[in-house]
Amino acid sequence: MTILDSSVDPSAPSYAANRAALLERLAELDAALDQARAGGGEKYVTRHHARGKLLPRERIELLVDADSPFLELSPVAAYGSDFPVGASVVTGIGVVEGVECLIVANDPTVRGGAVNPWSLAKTRRAGEIALTNRLPMVNLVESAGADLPTQAEIFIPGGRVFRDLTRLSAAGIPTVSVVFGNATAGGAYVPGMSDHVIMIRDRSQVYLAGPPLVKMATGEITDDESLGGAAMHAGTSGLADYLAVDERDGIRLARQCVRRLNWRKQGPSPRTAAPQPPKYDPEELLGITSADLKVPFDPREVLARILDGSDFDEFKPAYGDALVTGWGELHGYPVGVLANARGVLFSAEAQKAAQFIQLANASDTPLIFLQNTTGYMVGTEYEQRGIIKHGALMINAVSNSTVPHLTVNLGASYGAGNYGMCGRAYEPRFLFTWPNAKSAVMGPAQLAGVLSIVARQAAAARGRDYDEESDAAMRMMVEQQIESQSGALFLSGRLYDDGVIDPRDTRTVLGLCLSAIHNGPVKGADGYGIFRM
C-alpha cells in the first residue's frame with residue numbers, strides 16, 4: 001500500500017483565506033438550492049398541501065428506502081434564466097427496494113408542472129443517465145404538459161423524451177410511472193410509454209386533451225373522469241395497470257413494481273467489501289483549493305481525502321508531473337485517476353495521460369478526472385515540439401475510451417484542457433463542479449486582453465489612433481461578463497454539469513455514482529483511432 005502524506009496546515013493564513021472564499025461560494029449555492037426547494041413559492045405549496053397532495057421531494061422520500069441516500073441531479077437547473085430555479089422538476093438517483101433507480105418527479109407547484117425548455121433539458125439528461133448506466137426509471141407524474149408560451153422551443157425536441165422512454169424499455173431497462181394528478185397532452189405520453197403504470201382513484205387525470213379542448217375540437221361535451229380518470233383507465237382503456245386509493249398507496253405500488261423486477265447488476269461488485277475511510281479529514285478540503293485560481297494546489301491532498309484508506313499508487317510520478325495519474329479504490333471500487341497539478345498541460349502530460357487511459361481500458365477500470373487546468377501550453381517552443389498533436393493524442397484517448405468516466409471540476413477548466421480532461425462534450429457518465437470552479441475558453445483577463453490586442457491591431461491597420469479609455473471600459477465589461485458566465489452556478493443552471501457539490505461530499509457523491517455505473521457492464525475499448533505520435 002502507498003499511503004498519501006499530507007502537508008495541509010489548517011492554521012496557515014492561506015488555508016484560512018481559501019476556506020473563507022469557498023464558504024462564501026457555498027453560501028451562494030445554499031441560497032440557490034433553497035430557491036429550488038421552495039418550488040412555486042409558499043402560496044402554491046400551501047394550496048397543494050391543502051388539497052391533500054404531497055410535494056415532489058416528499059413523494060421521493062416515501063419512494064426510496066428508509067435512511068438511504070438520494071443523489072439529486074441538476075438541482076439548480078434554470079439558474080439565472082427567466083424560469084424558477086430547479087426547472088419545475090426534481091431528478092436524481094435513489095434506492096428503491098434495494099434497486100438503484102433514476103427518479104423524475106414533476107413539481108406541480110411551479111406552473112402546474114408544465115414543461116419548459118430547462119425542465120425538458122433536465123428530463124432528457126435524466127433519461128440519458130438511466131440508459132447509459134442501466135438504471136430503472138420511475139416517473140412521478142403531475143404535469144400540465146407544455147409551457148405554451150415557450151412551445152416553439154420545446155415542442156419538436158420534446159418528442160425525444162417519449163422516444164427515450166421506449167428505448168429504455170427496448171434495452172431491457174424497466175420504466176414505472178405513478179400519476180398523481182393531471183397528465184395532459186405530452187404529459188399523457190409518459191405513462192403511455194412506460195412499462196408499469198399506476199394511477200390514483202379520483203386524482204389521476206390522463207388525456208391528450210381536456211374537456212374544454214375536446215369541446216372546441218369535436219363539439220363533444222364530457223367530464224374529466226369519463227375522459228381520463230383513473231378508474232376509467234384501469235377498467236376501460238387499460239392504460240393503468242394498478243389503481244391506488246391515495247398518493248401513499250400509489251407510492252407503495254411503485255415500490256412493489258420495483259421489488260418484482262428481479263433486477264440484477266451487470267457490473268462487478270466492489271473489490272473491497274469493507275473499504276477503509278480516508279486517513280484525513282474531508283473538512284480540510286475547504287482550505288485546499290486556492291481562492292485565486294491562478295495559484296495551483298496539489299491534487300494529492302484531495303485524493304488523500306476521497307480515496308479508500310488514502311491509498312494511491314501513482315503512475316509515472318517523475319514524468320509529466322503537471323498531471324497526476326494513478327490507481328486507487330473508492331468505496332471499494334477500483335479507479336484510475338487523472339488530476340491536474342499545475343494547471344498547464346505540456347506534451348509530456350498529454351502523452352502520459354493517453355498511455356494511462358489505454359491502461360485503464362485494458363483493465364476495465366473506471367476513470368476519475370479531477371480538473372484544474374488552464375489548457376495546453378502555447379508558444380513557439382511548444383508548437384515546434386508538437387503540442388497540438390500531443391494534445392490531440394490525449395483527446396483521442398479520452399474520446400474513444402469506453403470505461404466509465406467521472407469528472408469533477410475542482411477549480412479551473414479552460415480551453416482544450418477541458419476537453420482533454422473529459423469535459424461535458426466528452427460525455428462522462430457524471431460531471432460535478434465545486435462551487436469555486438470556473439470554465440470558459442480562457443480566463444477573463446486573458447480573453448479581454450486578446451480582444452484588446454485585436455482591436456489595437458485593427459486600429460493601426462486603418463491608421464487610426466487607439467482610444468485607451470474605451471479600451472479600458474471594454475476590458476472591464478468583458479472581464480465582468482466572462483467572470484459571471486464562467487461561474488459554477490451559471491454553468492450548472494445551463495446543465496453543463498450534473499450539479500454543484502460541497503467539496504466535503506465528493507467522496508460520497510463519487511461513491512454513489514460508481515455504484516450506479518455498475519448496474520451496467522464495465523468494459524474497456526477494443527481499439528482507438530489513429531494516434532499522431
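Since the structure is predicted, the reported quantities are computational estimates derived from the model, not experimental observations.
- The closest side-chain heavy-atom distance from N361 to N400 is not below 4.5 Å.
- T402 contributes a side-chain N or O that, together with a main-chain N or O of G524, makes up a donor-acceptor pair within less than 3.5 Å.
- Judged by distance alone, the side chain of E329 and the main-chain N or O of D308 form no donor-acceptor pair under 3.5 Å.
- Here the CZ atom belonging to R300 is positioned 7.5 Å from the CZ atom belonging to F312, to the nearest 0.5 angstrom.
- Taking the six-membered ring for Trp, Y426 and H405 have ring centres at least 6.0 Å apart.
- Side-chain N or O atoms of T272 include none that pairs as donor or acceptor with a backbone N or O of A274 at under 3.5 Å.
- Aromatic ring orientation, Y528 versus F531: tilted (interplanar angle from 30° to 60°).
- There is a side-chain donor-acceptor pair under 3.5 Å between T506 and W434.
- Panel note: side chain S439, backbone S413; a donor-acceptor pair is recorded below 3.5 Å.
- For the residue pair D9/S11, the side-chain donor-acceptor check at 3.5 Å is satisfied.
- Ionic pairing of R342 and D321 is present here: one or more N-O contacts between side-chain nitrogen and carboxylate oxygen are shorter than 4.0 angstrom.
- Counting only heavy atoms from C-beta outward, the side chains of L514 and H331 never approach each other to under 4.5 Å.
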Show your working on side-chain contact (heavy atoms from CB on, under 4.5 Å) between T109 and L55 and close with a plain yes or no.
-> CA-CA 8 Å; T109 72; L55 298 174; 3.7 Å; yes
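- Remark: R494 is positioned above the aromatic ring of F490, its terminal NZ or CZ atom under 6.0 angstrom from the ring centre and at most 45 degrees off the axis.
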Apply side-chain contact (heavy atoms from CB on, under 4.5 Å) to the pair Q355 and F315, showing each step before the final yes or no.
-> CA-CA 10 Å; Q355 181 187 358; F315 172 77; 3.7 Å; yes
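- No side-chain N or O of T325 forms a donor-acceptor pair with one of E314 less than 3.5 Å apart.
- You'll find the side chain of I93 stays beyond 4.5 Å of the side chain of L512, heavy atoms only.
- Residue-environment remark: NZ (K294) stays at or below the threshold of 12 foreign heavy atoms within 6.0 Å.
- Listed for the E301 side chain is a donor-acceptor partner under 3.5 Å among the backbone atoms of S7.
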Trace of the side-chain contact (heavy atoms from CB on, under 4.5 Å) decision for V8 with R305 = CA-CA 11 Å; V8 169; R305 289 158 180 82; 3.6 Å; yes
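- S6 and E284 share no side-chain donor-acceptor pair at under 3.5 Å.
- With respect to the salt-bridge test (charged N to carboxylate O, under 4.0 angstrom), the residues D34 and R37 qualify.
- When all heavy atoms of V403 and A360 are compared, the closest pair comes out as CG1-O, 3.9 Å.
- Of the possible donor and acceptor atoms, one in the side chain of T407 sits under 3.5 Å from a partner among the backbone N and O of C422.
- For residues 70-83, the salt bridge (Lys or Arg N to Asp or Glu O under 4.0 Å) pairs, not counting sequence neighbours, are R57-E72.
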Begin with the C-alpha distance, continue with both residues' side-chain angles, and end with the deciding distance and a verdict on side-chain contact (heavy atoms from CB on, under 4.5 Å) for L131 and I173.
-> CA-CA 7 Å; L131 181 62; I173 304 170; 4.0 Å; yes
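- A donor-acceptor contact closer than 3.5 angstrom is absent between the side chains of T433 and N409.
- Across all their heavy atoms, S347 and H390 have their closest contact at OG-ND1, 2.8 Å.
- The residues K352 and E349 are annotated as not salt-bridged, no charged nitrogen and carboxylate oxygen being separated by less than 4.0 angstrom.
- Taking the side chain as every heavy atom from C-beta outward, L367 and S401 approach each other to under 4.5 Å.
- No option in K122, R429, R424 other than R424 meets the salt bridge (charged side-chain N to carboxylate O under 4.0 Å, His left out) test with D498.
- A donor-acceptor contact shorter than 3.5 Å is absent between the side chain of R124 and the backbone of G158.
- Looking at S88 and D107, their side chains never bring a donor and an acceptor atom within 3.5 Å of each other.
- Aromatic ring centres of W327 and F356 lie closer together than 6.0 Å.
- Considering NZ of K279 and CG of L307, their distance stands at 12.5 Å, rounded to 0.5 Å.
- Within 6.0 Å of CZ in F83 there are more than 12 heavy atoms belonging to other residues, nucleotides or ligands.
- S399 has its side chain out of reach of Y419: every pair of non-hydrogen atoms, C-beta onward, lies at least 4.5 Å apart.
- In this model, no donor atom of one side chain and acceptor atom of the other lie less than 3.5 Å apart for T150 and N116.
- Taken to the nearest 0.5 Å, the CD1 atom of I453 stands 10.0 Å off from the CG atom of D471.
- The environment of E283 atom CD is dense: over 12 non-hydrogen atoms of other residues, nucleotides or ligands sit within 6.0 angstrom.
- Going from atom CD1 of I288 over to atom CZ of F297 covers 8.0 Å, rounded to the nearest 0.5 Å.
- Between the CZ atom in R59 and the CG atom in N106 there is a gap of 8.5 Å [rounded to 0.5 Å].
- For Y280 (side chain) and L4 (main-chain N/O), a donor-acceptor pair under 3.5 Å exists by modelled atom type.
- For the pair R125/T91, no side-chain contact is recorded, criterion being any heavy-atom separation below 4.5 Å from C-beta on.
- Here OG of S470 is found 13.5 Å from CZ of R475. Values are rounded to the nearest 0.5 Å.
- A distance-only check finds no donor-acceptor pair linking the side chain of T132 to the backbone of I129 [under 3.5 Å].
- For the side chain to side chain contact (heavy atoms under 4.5 Å, CB included) with L286, the qualifying choice from D502, N436, N18 is D502, the only one to do so.
- Salt-bridge check for R456 with E468: passed, with a basic side-chain N closer than 4.0 Å to an acidic carboxylate O.
- Checked by atom type and distance alone, the side chain of S68 never pairs as donor or acceptor with a backbone atom of V64 at under 3.5 Å.
- With 3.5 Å as the limit, one finds no donor-acceptor pair spanning the side chains of Q266 and N519.
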